[in-house]
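Note that the structure is predicted; figures quoted are calculated from it, not measured. Quick note on labels: first sequence line is chain A, next is B, and so on, each numbered from 1.
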Amino acid sequence: MLDLQQLRKDLPTAVAGLARRNFVFDEVSFRALEDERRIIQMQTEELQAKRNAASKMIGMMKGKGEDTTAIMADVAGLGDGLKANETALGELQEKLNNFLRQIPNIPRADVPPGKSELDNVEVRKWGTPKTFDFAPKDHTDIGEALGGIDFETAAKLSGARFSVLRGGVARLHRALAQFMLNKHTLEHGYTEVYVPYMVGGESADGVSSLAKFKDDLFKIEGRDLYLIPTAEYPVTNFVRDEIVDAKSLPMKFACHSPCFRSEAGSYGKDTRGMIRQHQFDKVEVVQIVAPEHSAEAHEELTRHAEAILQALGLPYRTMLLCTGDMGFSSAKTYDLEVWLPAQNTYREISSCSLFEAFQARRMMARFKNAQGKTEYLHTINGSGLAVGRTLVAVLENYQNADGSVTIPNVLVPYMGGMTKLAVAG
RNA sequence: GGAGAGGUGGCAGAGUGGUCGAAUGCACCAGACUCGAAAUCUGGCGUACGGUUUUACCGUACCGUGAGUUCGAAUCUCACCCUCUCCGCCA
C-alpha cells in the first residue's frame, strides 16, 4: 500500500511513478473520495465531540443529584444524524482503503522502464553454458529414463501439473533443499524457520493484494485459509501488527516450504515437465530491515541466492526487471535465470524483490527508530532457490551421454556419498 | 468432540454503566544524586486518523473481532475468533 499522506502531499509524483509501470492512477476518483471523506469525517467528529461533552456533563450532574432531563432531551436529538454520519464515514473509509490496497508499488528510480520481460536488463552473468557432444535431453526424458520422475502416477493422483519423484531423484530433490538451507543458515546468517502452509486472508493481503490475486491461490473450502504460494506469505507476516525494537533488526529468515499455485491463466504454458507445477518446494530467504539499509540488503540477499547457483556450478544470469514486468508489491526486482541446455535458454529460478515499506504499510509492521519514533519497516525476499527448478537445472546441466547424471560435488555428502544417478540396468 | 476459565497498554495486572485512554508494578527514556555504576528520588512513556497558528496544541476512534442496548460501554446483551485447564480422540 502506498503512503496516503504522501499521496495527499504530492499526488503528481506518485501518479508519474505508477505510470512508469504502466499503471493508470484514477486521480479523479481518488480526489473525489478524499474530499468527501474529509467533509464527512469532520462533521462526524464534531457531532461525536458534542455528544461526548453532553454525556460527560450528565454524568457529573447525576453525581451531584441534579436534574438532567433538559440536557438529555437536547443530546437525544443528535442520535440519528450521528449514526447516519458514522455509517457514511465507515463506508467511505472502506472504499478508500480498498482503492489504495489495489494500487501497486511505485518502481524505484533505478528500475529500467519497459513493458514486458523483453525490456529486462541483464546486470551480470556467471558461468559458461556447457557444450555437449551429444544432443542434450530435457529433464523429463532424463528423469523418466532414470525411473525418477513419474508424471503419469501424479496425474492419476491429482491431475496435471503435479509430479511424483522416486529413488535417487527424490533424494536429490531433498539434498538440494537441505544444501540450500544449510548454506543460508550457516554461511549467510539466516535463521531457519518452519511455518504453517496455510495462512488467513489478512496475512495474504499483507504481502500482496488478495482482492486482485485470489484466483492464483488455492483456498480451503469454507474457511478463511489459503495454501501458501510462497513462504514469503507466512514469514513476512511475522511482523504484522508489531512494533519491533530497532535492536532486533535486521531480521533474516530462511524457510523451506512447499508452495501451491493455481496457475490460473497459464494454460498451455510450460505444460511439459516440472517447470510450472501446482506444488513445488522452495527455500525462501526473507529480510526485515530498517529503511536506510534496505537497498543494500536487497543486493546482499540477491547475492545469497546467486551463491547457491555458483556452488552448484550452474550458469546463470541476473536480470533487473523492467517496470512493466515487476510484481504488484515490488519496488525493484532481480530475477536469476539458470541455463537450461535442452531449452537452449535461461529460465527463471529465483526472484529477489525489495518492497520498501509497501508490505509493511499493509501489515502495520513498524519499529522504533533511534529517535524513539515509530517507522515502517522495509521487507525484502527472494527464492534461494526454487527447489523443483533447481532439480531440473541439475539434471539437464549434469547429464551424460549414457543417460546418467553426475551429482554436483557440493551435494555428494547430502547424497550419502553417491556421485552419479545411473540408468537402471 | 464434551466441560470449565479467560482475552485490558512492551510485559504483568486492577478496573462490573458516568470526569477511564484506563490504577499499580516491571521494563524503557530523560534528569537529580555519584569519580562511575548500583540503589534511591523526580519527570516522561500507546497507536491510528483528522484539524490547526504543524517538532506544539485540540478533536475523534481504539480495552480479542463484529453487531446491539444507552444521553453515556473496558464494564450490560448477542454472535464469532483465539488462548488456557480437564476429559475424550489422535500422528
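- Spacing of C1' atoms, rG21(B) relative to rC49(B), comes out at 16 Å, to the nearest Å.
- Atom P of rA5(B) sits at a distance of 14 Å from the matching atom of rC78(B), rounded to the whole Å.
- Within 6.0 Å of NZ on K83(A) lie no more than 12 heavy atoms contributed by other residues, nucleotides or ligands.
- Judged purely by atom type and a 3.5 angstrom limit, S404(A) has no side-chain atom pairing as donor or acceptor with the backbone of N400(A).
- Judged by distance alone, with hydrogens and angles left aside, the side-chain atoms of R361(A) form no donor-acceptor pair with the main-chain N or O of L4(A) at under 3.5 Å.
- R223(A) comes within contact range of no nucleotide atom at all, as no heavy-atom separation falls under 4.0 Å.
- Ion pair E299(A)/K332(A) flagged as a salt bridge, since at least one NZ, NE, NH1 or NH2 atom sits closer than 4.0 Å to an Asp/Glu carboxylate oxygen.
- Salt bridge R108(A)/E356(A): present, at least one basic N to carboxylate O contact under 4.0 Å.
- In this structure, the CG atom of D224(A) is 13 Å from the C1' atom of rC80(B), given to the nearest Å.
- Between R37(A) and E34(A), at least one side-chain nitrogen of the basic residue sits less than 4.0 Å from a carboxylate oxygen of the acidic one, meeting the salt-bridge criterion.
- Atom CD of E46(A) is surrounded by 12 or fewer heavy atoms from other residues, nucleotides or ligands within 6.0 Å.
- Nucleotide rU54(B) is matched to nothing when pairs are restricted to Watson-Crick or G-U wobble geometry with both distances under 3.5 angstrom.
- Between rG1(B) and rC80(B), the two P atoms lie 13 Å apart (nearest whole Å).
- Across all strands shown, rA5(B) pairs with rU83(B); the Watson-Crick or G-U wobble distances both stay below 3.5 Å.
- Comparing R37(A) and G59(A), the nucleotide of RNA chain B nearest to each residue sits closer to the 5' end for G59(A).
- Pair assignment for rU19(B): none, as no Watson-Crick or G-U wobble contacts are both less than 3.5 Å.
- Between H188(A) and Y190(A), the ring-plane angle classifies as perpendicular under the 30° and 60° cut-offs.
- Between the C1' atoms of rC26(B) and rC45(B), the separation comes to 14 Å (whole Å).
- Of the candidates rG72(B), rG51(B), rU47(B), rU47(B) carries the atom nearest the T374(A) side chain, counting heavy atoms from C-beta on.
- Distance from the side chain of M42(A) is smallest to rG51(B) among rG51(B), rC71(B), rU69(B).
- Backbone-only contact: Q5(A) has heavy atoms under 4.0 Å from sugar-phosphate atoms and none from a base.
- Remark: the separation of the P atoms in rA27(B) and rA39(B) is 8 Å, to the nearest Å.
- Distances shown here put every side-chain N or O of K368(A) at or beyond 4.0 Å from the OP1 or OP2 atom of rA27(B).
- Distance I71(A) CD1 to rG18(B) P: 18 Å, rounded to the nearest Å.
- The residues K252(A) and E300(A) are annotated as salt-bridged, a charged nitrogen and a carboxylate oxygen being separated by less than 4.0 angstrom.
- Rounded to the nearest Å, the gap between the P atom of rA23(B) and that of rA74(B) is 15 Å.
- A 3.5 Å limit on both hydrogen-bonding distances identifies no Watson-Crick or G-U partner for rU70(B).
- As a whole-Å value, the separation of D245(A) CG from rC45(B) P is 19 Å.
- Applying the Watson-Crick and G-U wobble criteria (two distances, each under 3.5 Å), rG88(B) pairs with nothing in any strand.
- The nearest whole Å value for the distance from the CG atom in L47(A) to the P atom in rG72(B) is 13 Å.
- If you look at F23(A) and F328(A), their ring centroids are not closer than 6.0 Å.
- Straight-line distance from the CD atom of E375(A) to the P atom of rA48(B): 12 Å, rounded to whole Å.
- Here the P atom of nucleotide rG46(B) and the CD atom of E242(A) are 18 Å apart, to the nearest Å.
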Contact letters for nucleotides 58-64 of chain B, in which S counts primed atoms plus P, OP1 and OP2 and B counts the base, heavy atoms under 4.0 Å: -BSS---

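- Between the P atoms of rG13(B) and rG18(B), the separation comes to 24 Å (whole Å).
- Summarising the base pairing, rA39(B) is matched to no nucleotide, lacking a Watson-Crick or G-U wobble pair whose two defining distances lie under 3.5 Å.
- Considering only the side chain of K56(A), rG21(B) comes nearest among rG72(B), rG21(B), rG51(B).
- With a 3.5 Å ceiling on both atom-pair distances, the Watson-Crick or G-U wobble partner of rG46(B) is rC62(B).
- Put simply, CD1 on I58(A) is 7 Å from C1' on rG72(B), counting in whole angstrom units.
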Stepwise side-chain hydrogen bond (donor to acceptor under 3.5 Å, both in side chains) check, T236(A) with Q359(A): CA-CA 9 Å; T236(A) 309; Q359(A) 293 181 324; 4.5 Å; no

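- Within the structure, a side-chain polar atom (N or O) of R366(A) is placed less than 4.0 Å from OP1 or OP2 of rA48(B).
- When rounded to the nearest whole Å, the span between NZ of K9(A) and P of rU54(B) equals 15 Å.
- In terms of position along RNA chain B, the nucleotide closest to E34(A) lies nearer the 5' end than the nucleotide closest to the other residue of the pair A54(A) and E34(A).
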Per-nucleotide protein contact string for nucleotides 6-14 of chain B, where B marks a base within reach and S marks sugar-phosphate only (heavy atoms under 4.0 Å, - for neither): ---------

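- On the P atoms, rG64(B) is 13 Å away from rC11(B), given to the nearest whole Å.
- Pair assignment for rC11(B) gives rG25(B), based on Watson-Crick or G-U wobble hydrogen-bonding distances that are each under 3.5 Å.
- A salt bridge links D141(A) with R272(A): at least one charged nitrogen is closer than 4.0 Å to a carboxylate oxygen.
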